[in-house]
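Worksheet: one structure, shown below.
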Number of protein chains: 2
Amino acid sequence: MSRTIPDPLISEAAALIGDPTRAAMLGVLLDGRARTAKELASLAGVAPATASGHIAKMTAAGLVSVASQGRHRYVRLASAEVAEILERLMALAAFARPPRRAVGAEEAAFRHARSCYDHFAGTLSVELAEALVRRDVLRRGPDGFEPTLHGERWFRALGVDVARARASSRAFARCCLDWSERRDHLAGALGAALLEALLAKGHLVRRKDGRTLDVPASGRRFFAEEIDRSPPRSAAAGRPGGEQPAEQQRA
Amino acid sequence: MSRTIPDPLISEAAALIGDPTRAAMLGVLLDGRARTAKELASLAGVAPATASGHIAKMTAAGLVSVASQGRHRYVRLASAEVAEILERLMALAAFARPPRRAVGAEEAAFRHARSCYDHFAGTLSVELAEALVRRDVLRRGPDGFEPTLHGERWFRALGVDVARARASSRAFARCCLDWSERRDHLAGALGAALLEALLAKGHLVRRKDGRTLDVPASGRRFFAEEIDRSPPRSAAAGRPGGEQPAEQQRA
DNA sequence: CCGACGCTTCGGCCGCGGCCGAAGCGTCCC
DNA sequence: GGGACGCTTCGGCCGCGGCCGAAGCGTCGG
């Protein structure tokens with residue numbers, strides 16, 4: 001019997017992602033930053049020659065894009081779509097396998113606040129997005145979220161250039177499903193601008209390696225303020241401050 | 001340097017999907033129907049022994065689930081999440097590669113109306129979902145769509161048991177991004193019930209093989225009626241980015 | 001009870017593809 | 001110009017994993 005239309009399409013990209021070395025590289029790139037080929041090689045634990053081959057393949061398949069700059073070649077994820085697929089694959093694996101062991105402080109922090117490609121993800125980001133919807137800063141629209149007029153002021157007050165984000169060629173304010181939370185948070189150009197602003201204001205701080213975002217005191221104040229400003233939606237919603245309350249999920 | 005947390009998680013599932021034979025099987029299962037191991041073997045073009053091994057691996061990883069029934073073992077996709085990841089991978093491949101050749105009638109029909117796991121997808125489904133939103137039958141809510149009170153009547157008139165869909169353990173009315181359209185359509189328990197009802201009423205007819213859905217005369221009348229009942233939204237419905245030439249409106 | 005059938009397990013074959021070191025090319029900086 | 005550095009290409013090694021046929025187990029039906 002003839003195979004139906006879609007199969008070779010599916011397997012191509014998946015086979016690329018499926019190699020552990022390439023997956024490690026993509027995992028690194030998930031923070032949205034660009035990396036040189038050598039950096040990726042050492043982070044993934046292979047020789048530069050090997051990494052080079054991987055990068056070439058992933059570029060051809062549209063998973064990553066490369067920018068030459070001097071004698072360096074900077075590699076980054078090709079698009080937010082790629083990032084989202086990677087996040088979903090993580091979600092799949094996390095729920096298919098048993099929860100293994102209790103989560104450590106490292107992983108708790110990672111689930112709490114991290115960067116996903118170029119925007120803000122994790123428990124805290126989901127709570128923020130939901131609070132913004134309750135406060136009528138954001139509304140759900142046909143293409144994800146949409147800031148209200150009142151909401152545009154909120155973003156501007158944070159230092160986000162809403163007009164520039166809207167003018168961007170990419171989706172303006174998509175919603176992105178969080179793998180650890182299974183709830184939406186703000187992505188797209190506006191999400192990226194928001195993360196940028198939160199970093200600039202020092203409410204979030206990137207760790208040097210990895211995607212985990214630390215939440216310093218000023219950030220804890222900020223999020224507590226913004227999230228609690230609206231009627232609590234349920235008993236469990238609170239606790240934005242602590243970054244390692246042994247967030248044990250699922251028995 | 002130590003690899004960051006997520007990599008092995010990502011590559012596991014992806015490696016499974018990445019094998020062409022397994023991808024072929026998953027592609028077949030994307031129509032939501034359960035298949036016996038032998039059927040899958042012949043559809044994927046391998047010996048039963050080979051297929052058996054693949055099925056075991058995919059089951060362990062939570063990609064498919066198996067139900068023994070007499071001497072048959074029925075295989076189906078494990079969840080709507082898996083189906084969505086597969087659809088997204090297709091989208092990625094379709095946009096990374098050039099459109100290759102002009103789309104044939106086969107593929108045009110496939111893009112127009114097909115089943116995606118257990119719900120209705122394709123151009124027509126996207127148009128229907130958007131029309132239902134315009135007519136206030138559906139609204140966008142925090143977890144995808146939500147039927148209005150008036151909308152519940154609409155669904156019931158079609159023979160959809162809304163209360164049962166809502167009681168189901170799975171997500172009630174998620175929105176699912178269409179790979180060929182890049183726009184949302186109705187998924188989740190309500191989406192599944194809707195497809196069921198449309199098939200029962202004869203507005204859609206499954207082809208024996210593959211996921212393409214044919215739209216007989218009664219269905220064409222139904223969709224024309226339901227979609228046109230609201231003001232047209234704009235001249236060109238699609239995003240300018242991915243133009244599909246000759247989206248022939250099947251006869 | 002026996003044969004047909006569906007499925008799985010086992011053993012062995014084989015090829016694809018990841019890996020590296022060495023060599024080559026381009027860029028930068030002294 | 002020369003050397004250090006980043007990256008790529010090439011050749012060759014090697015192991016993982018997909019594939020099959022044969023054999024074994026369970027189920028169904030006459």
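Lettering of chains follows the sequences in order, A, B, ..., and the numbering in each one begins at 1.
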task = Indicate the atoms forming the closest heavy-atom contact of B/Leu92 with A/Ala13, along with that distance.
result =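 The pair with the smallest heavy-atom distance is CD2-CB, 4.0 Å.
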
Figure out the [atom1]/[atom2] separation between [X] and [N], and round it to whole Å.
{"X": "B/Met25", "N": "D/dC19", "atom1": "CE", "atom2": "C1'", "answer": "12 Å"}
{"X": "B/Ile17", "N": "D/dG18", "atom1": "CD1", "atom2": "P", "answer": "14 Å"}
{"X": "A/Leu16", "N": "C/dC16", "atom1": "CG", "atom2": "P", "answer": "17 Å"}

ask   = If you check the B/Arg22 side chain, which of D/dC20, D/dG18, C/dG18 turns out closest?
value =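 Among the listed nucleotides, the one closest to the side chain of B/Arg22 is D/dG18.
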
message = Can you tell whether the side chains of A/Arg211 and A/Glu87 come within less than 4.0 Å, N to carboxylate O?
response =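 Salt bridge flag = yes for A/Glu87 with A/Arg211.
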
inquiry  = Is it true that, when you exclude B/Arg206 itself, more than 12 heavy atoms of the residues, nucleotides or ligands shown sit nearer than 6.0 Å to its CZ?
reply    =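 Atom CZ in B/Arg206 is crowded, with more than 12 foreign heavy atoms closer than 6.0 Å.
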
ask   = Counting only heavy atoms not in A/Arg76, do more than 12 fall under 6.0 Å of its CZ?
value =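 Check fails, neighbour count at 12 or below.
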
key: Terminal axes of the helix from C/dC1-D/dG30 to C/dC30-D/dG1 (five pairs each): angle between them, nearest 10 degrees   =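 What I find for the helix from C/dC1-D/dG30 to C/dC30-D/dG1 is an axis angle of 30°.
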
key: Criterion side chain to side chain contact (heavy atoms under 4.5 Å, CB included) against B/Val64, the qualifying member of B/Val82, B/Leu16, B/Leu26   =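 It is B/Leu26, the one option of B/Val82, B/Leu16, B/Leu26 that forms the side chain to side chain contact (heavy atoms under 4.5 Å, CB included) with B/Val64.
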
key: Footprint string (nucleotides 5-14 of chain C, 5' to 3'): B base within contact, S backbone only, - free, heavy atoms under 4.0 Å   = BSSBB-----

With a 3.5 Å cut-off and sequence neighbours excluded, list the donor-acceptor pairs that the side chains of residues 195-205 of chain A form with protein atoms.
unit_1: A/His203; atom_1: ND1; unit_2: A/Ser218; atom_2: OG; d: 2.9

task = Tell me whether the OP1 or OP2 atom of D/dG17 has a side-chain N or O from B/His54 closer than 4.0 Å.
result =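 So the side chain of B/His54 is outside the cut-off, no N or O lying under 4.0 Å from OP1 or OP2 of D/dG17.
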
inquiry  = Is B/Lys57 close enough to D/dG18 that one of its side-chain N or O atoms is under 4.0 Å from OP1 or OP2 there?
reply    =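 So the side chain of B/Lys57 is within the cut-off, an N or O lying under 4.0 Å from OP1 or OP2 of D/dG18.
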
inquiry  = Are A/Val28 and A/Arg35 packed together at the side-chain level, in the sense that at least one heavy-atom pair is separated by less than 4.5 angstrom?
reply    =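 Touching, per the 4.5 Å side-chain cut-off.
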
message = If we count only N and O atoms by modelled type, under 3.5 Å, do the side chains of B/Ser68 and B/Arg73 hold a donor and an acceptor together?
response =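 Judged by distance alone, the side chains do pair up.
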
